[in-house]
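Just below is one structure, and these are the notes that go with it.
Positions are given from 1 along the sequence.
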Amino acid sequence: PTGLDLKEHKVTLPLIAALPSLSADERESVRRLFDTPVPGDDQVAHVVALVERYGGLDCARERATHYARQAEEALEALPASAACDALHGAISYAVERRR
């Protein structure tokens, strides 16, 4: 679910990508979230909105798509098999699961 990583105090690529664009006050709200043992839904929603506003999610999607393409290309060198099909499926799942 959206914001679960933030509730668990996990720093993810979308947050990392958005951080350089945040104002000092916005960075402070992120710091407060990580200092709060159990952040509230409003606090998490605020940071999620900041990440979205500053392109963190778009950056992470672009990076995921880039690596997925590289993985697909690497799989093309392998002979067709059930294992190869499973790997193709795993790539698709990893990229599409949050859309």
Side-chain angles (χ1 to χ4, degrees):
T2 300
L4 181 61
D5 287 340
L6 289 171
K7 279 190 176 244
E8 296 176 351
H9 299 113
K10 294 178 183 174
V11 178
T12 61
L13 180 58
L15 178 60
I16 292 168
L19 280 173
S21 301
L22 300 180
S23 69
D25 288 342
E26 291 166 335
R27 282 176 180 250
E28 179 61 21
S29 65
V30 172
R31 188 197 60 74
R32 279 193 308 270
L33 180 142
F34 279 89
D35 285 347
T36 303
V38 182
D41 291 340
D42 290 345
Q43 196 175 19
V44 171
H46 175 69
V47 173
V48 167
L50 291 174
V51 169
E52 289 177 1
R53 181 182 318 143
Y54 291 105
L57 295 176
D58 292 335
C59 175
R61 282 187 195 107
E62 288 171 14
R63 183 74 69 79
T65 300
H66 169 77
Y67 286 120
R69 283 188 195 126
Q70 283 186 330
E72 291 281 352
E73 289 172 10
L75 289 176
E76 294 303 319
L78 300 176
S81 69
C84 200
D85 290 344
L87 289 170
H88 281 287
I91 293 167
S92 295
Y93 174 77
V95 174
E96 300 296 327
R97 68 188 172 105
R98 294 190 183 229
R99 287 189 183 175

Show me, pair by pair, the donor-acceptor contacts under 3.5 angstrom made by side chains of residues 9-18, not counting sequence neighbours?
| unit_1 | atom_1 | unit_2 | atom_2 | d |
| --- | --- | --- | --- | --- |
| H9 | NE2 | L33 | O | 3.3 |
| H9 | NE2 | T36 | O | 2.7 |
| K10 | NZ | E8 | OE1 | 2.9 |

The salt bridge (Lys or Arg N to Asp or Glu O under 4.0 Å) partners of R32 (sequence neighbours excluded) come to E28
Scan the side chains in residues 50-59 for donor-acceptor partners under 3.5 Å anywhere in the protein, sequence neighbours excluded, and list what turns up.
| unit_1 | atom_1 | unit_2 | atom_2 | d |
| --- | --- | --- | --- | --- |
| R53 | NH1 | E26 | OE2 | 3.3 |
| Y54 | OH | E26 | OE1 | 3.0 |
| Y54 | OH | E26 | OE2 | 3.0 |
| D58 | OD1 | R61 | NH1 | 3.4 |

Residues passing the side-chain contact (heavy atoms from CB on, under 4.5 Å) test with A90, sequence neighbours excluded, are none
Treating Ile, Leu, Val, Met, Phe, Trp and Tyr as nodes and any side-chain heavy-atom pair under 4.5 angstrom as an edge, say whether L87 and V95 lie in one connected cluster.
no
Per the salt bridge (charged side-chain N to carboxylate O under 4.0 Å, His left out) rule, what does the pair list look like for residues 69-92, sequence neighbours excluded?
none
Would you list the pairs meeting salt bridge (charged side-chain N to carboxylate O under 4.0 Å, His left out) in which at least one residue belongs to residues 33-44, sequence neighbours left out?
K7-D41, R31-D35
For C84 against L75, the heavy-atom pair lying closest together:
SG-O, 3.9 Å
Greater than 12 external heavy atoms within 6.0 Å of R27's CZ:
yes
In Å, rounded to the nearest 0.5 Å, how long is the span from NE2 of H46 to CG of L6?
11.5 Å
